[in-house]
Each structure stands twice: as structure tokens, then as C-alpha cells.
Amino acid sequence: MSDTPHFSTLAVHAGQQADPATGACATPIYQTASFEFQDSDHAARLFNLQEFGNIYSRLTNPTVGALEARVAALEGAPAALAVASGHAAQFIVFHTLLSSGDEILASNKLYGGSVTQLSQSFKKMGWGATFIDPTDPENFRKALNDNVKAIFIESLANPGGIVTDIEAIAQIAHDAGIVLVVDNTLATPYLCRPIEFGADIVVHSLTKFMGGQGNSLGGIIVDSGKFDWSASDKYPTLTMENASYHGMVFADVFGPEMGNIAFAIACRALGLRDLGPCLSPMNAFLLMNGIETLPLRMEKHCQNAQAVAEYLQAHDKIEWVSYAGLSDSPYYNLAQKYMPKGAGAVMTFGVKGGYDAGVQIVNKVGLFKHLANVGDTRSLIIHPASTTHRQLSEAEQIKAGAGPDVIRLSIGIEDHGDIIADLDQALETL
Ligand SMILES: *Cc1c(COP(=O)(O)O)cnc(C)c1O
């Protein structure tokens, strides 16, 4: 490889070496729970974190490690930690950052499952989350207080093509001496690399566009290596002596001379060790295979989504379309800055005729799969008001961007003419 391989090259090669035991070219699935020690000194060094190596697959596994190295390279980061799902990634990040009584500020335009995690399970841990309208970044500054230890946003928010001003919000976080955590699931590092705009930690649901084929759950935590944990006493998990590692201070031992990867190490050595949501080697293998074609898929996803958005916008049975690739979107300029190669493949639109028309569309499409996921090679459709958001009142649905007329699409990589023809025949039935 050249010294500075480009993104598509990294997507295929980063993290992968011929298997030292067999020479196998594809990364083997190391389907094992534990690993034999060379002797008891070796075992002691591993348990003390004095030497990196494999002990038990809850902590590390070579197949999972290859995936971690690949995603770290794609995000331009020194370290990453793969876990069982996107939600597990978020939870371990906050478990490492927060103590009981701490709070975060979160965008009020997050993926619905994240809103539930932050508003419900956070309480059980004694953590707080305040939801902030991110369309004016200054809203975050106004809501800061001494207990706030992190700001959490999505680069490109599910569902409605909302792009967040990462650079402005990173500045506000850093002025306050706290970290910015960015969920980069819908953009993927192919479209947007949040660390280049000041993000300190990036999380992904690998389940979506990264794996890209709807066959495996997975998540990942990416450590930018840029945050100075020792600059304050806000993050005791990283800066205080840790009793379970003989008084080791993560920020000292894994500081600048080790690439400043204390956060990634603590997420593994404490979060993954104690909470336990490790990624299976099989899923790591499938996700890694998927990532090899990420650049090709994202190109096609974005081209198809742009064509579908333009088709819908011109259709007389459609009230509105929310997609940041449309020049009249309020997020168009932010999309041009943060994801110039394309605005992703997820969009929402409002159909004339409200709830009944929405239900009819999902029943009449043929190519589109009616299900609750995004980021598959296949085109997906859902009517949130009759599915994911059906427990809410109509007023709550509208507030959540899931009013009775709203339909969400995740555009696949099929032929765009076939995708549009399918929508067209469904719309004709109204
Ligand atoms: C799906 C999703 C998650 C949660 O990921 P899982 O892998 O389903 O746990 C988090 N954030 C976003 C933006 C998502 O789309």
C-alpha cells in the first residue's frame, strides 16, 4: 500500500493481514471463546494491560480486531472498539464518560431508539439527558451547566435528512471543556468524517450502511485520540486511579506517547468487561466484508436517493419531501459542507390523504420491503404512524416527525428506474 492510501483502498485492506497461522487471505472467523497463554508471566502481563493480546472474546478477538482497525482507518482515528450493536456502543461511551449525577445535552433530532435510551435507561444510572434543538448550535451553549459532560448529535439524522453543524457544536463543547460524541451511522465515513470537524468520539450502528446488507447487528466506538482528558477532573474514569487495575490511571498509561487512546482502552477494559455486549466473530466477519464495498454502495445509494427525491418532489400527490440533497432543503448548505459526495439514502415525504394514504402506499409497493430498518442494499419503506410510532398520540407523532402522512424511505442500490416505477404505481392507486 502507498503511504497514504485513499478511502476505497482502506475499505478493502485496512486491518487485514494474511493469517499468521495459515496464510488465509480473507480474515478468518476466530470462533473461540478464549486463547491459550504462553506461560503464567504472559498471562499476568495481559491481565495487567502491560501487553496487548487475547485473553477472552468478551474483551478482544482477532476477527473483531480486524474490523476495529478497518473502521478506525476509515474514520481517521487511532483506535476503535467494536461491540454488539449501535445502542451498546452508545451505552458504553456514556458509561465511560458519566458518573451518577452527570448529564449530557443531546440533539432532539436523534434516532428514536436513542431518544428512548437517553430518556429512559439513563435515569436508572442516575444520568440526565436534555434534548436540544440543534438547528441553532448556540442552543447547546445556553443549556450548559457544570454537570454536563458531553454533547451528543447525529451527523445526518434519521429520518428526515437533517444535517447537524458539527464544527459549530464541537467549538461549543470544547469551549466548555467537554467532549462531542457524533453518531455517524447514516452518513458513514465515506460521506462524512466527523473527527475532521472536531468530533472527539464517533459511534456507529454498523447494522446499517456500514455492513450494508441487513444481515448482522453491530456497533463501534471510534476514539479520535484528540481529547485531553487530564485537562480537568470531569472524567474520573479516565483520570483517577482504577482499583480494578492496581491503581492504573488510563489517561496517563494510554496518553500521548501511546497515541492518546485512553478512551478506547477504558471502554474495552471497563465497559466491555463489565457490561459485556461483545460482537461475535461471525458478525465481525460479515460486517467487514460489507465495508469492502462501502464506497461503491454509498455512491449508488446517494445517486438513487437523489433521483427518487426529485421524482417525489415533482409528484402531485406528494405534499413535501425532506432530503438534504434537494436544493430547497433547509439543510442543503450544511450537506454541501459536511457530506459533499451525497446526502445519504434516507428520506421522508408527506403524502396527500394522511394516515390512510400512507398505509395504502406501504401496502401497494412491491419492490420496497416494508420493515423497520435502514441502510440495506434493498429499498425499504415504513409508515411510522402505523408502526414504530403507533403508541404515540397524533400530536406526539407530529412532534417526533412521524405525523400520519409521513413515509420514510431507505433507498437501496437497485436500478433507480425500477425503484421509481414501484413508487409510481403505488401512488397511482391513491
Ligand atoms: C439503528 C441506529 C442505532 C442503533 O443501532 P443498533 O445497531 O440497532 O443497536 C443508533 N443510531 C442510529 C442513527 C441508527 O440508525
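Whatever order the structure lists ligands and atoms in, that order sets their numbers, starting from 1. All residue numbers refer to positions in the sequence shown, counting from 1.
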Discussion item. Determine whether the aromatic ring centres of residues Phe35 and Tyr30 are separated by less than 6.0 angstrom.
Written reply: no
Worksheet item: Taking atom 7 (O) of ligand 1 as the point of reference, which of Leu156, Leu206, Thr207 owns the nearest heavy atom?
Response: Thr207
Worksheet item: Which is closest to atom 4 (C) of ligand 1 by heavy-atom distance: His87, Met210, Glu154?
Response: His87
Worksheet item: Relative to each other, are the rings of Trp229 and Phe263 parallel, tilted or perpendicular (30° and 60° limits)?
Response: parallel
Discussion item. For Lys234, is there an ion pair with Asp146 - N to carboxylate O distance below 4.0 angstrom?
Written reply: no
Worksheet item: Got the closest protein heavy atom to atom 2 (C) of ligand 1, with its distance?
Response: Lys208 NZ, 2.5 Å
Worksheet item: Can you tell me the protein heavy atom closest to atom 6 (P) of ligand 1 and the distance?
Response: Gly86 N, 3.3 Å
Discussion item. Does the residue Gly218 have a heavy-atom contact with ligand 1, meaning some pair of atoms that are separated by less than 4.0 Å?
Written reply: yes
Response to the item:
closest protein heavy atom to atom 13 (C) of ligand 1 is Asp183 OD2, 3.4 Å
Worksheet item: Roughly how far, to the nearest 0.5 Å, is CG of Leu206 from NE2 of His204?
Response: 7.0 Å
Discussion item. Polar contacts were defined as any N/O atom of the residue lying under 3.5 Å from an N/O atom of the ligand; does this apply to Tyr111 and ligand 1?
Written reply: no
Worksheet item: With a cut-off of 4.0 Å, which atoms of ligand 1 are near a heavy atom of Ser85?
Response: 7 (O), 9 (O)
Discussion item. Do Arg297 and Thr377 make a side-chain contact, defined as non-hydrogen atoms from C-beta onward lying under 4.5 Å apart?
Written reply: yes
Item to complete: State whether a side-chain donor-acceptor pair under 3.5 Å links His383 with Ser386.
Response: yes
Worksheet item: Going by heavy atoms, is Gln90 under 4.0 Å from ligand 1?
Response: yes
Discussion item. Please tell me whether Gln360 and Thr429 have a donor and an acceptor in their side chains that are separated by less than 3.5 angstrom.
Written reply: yes
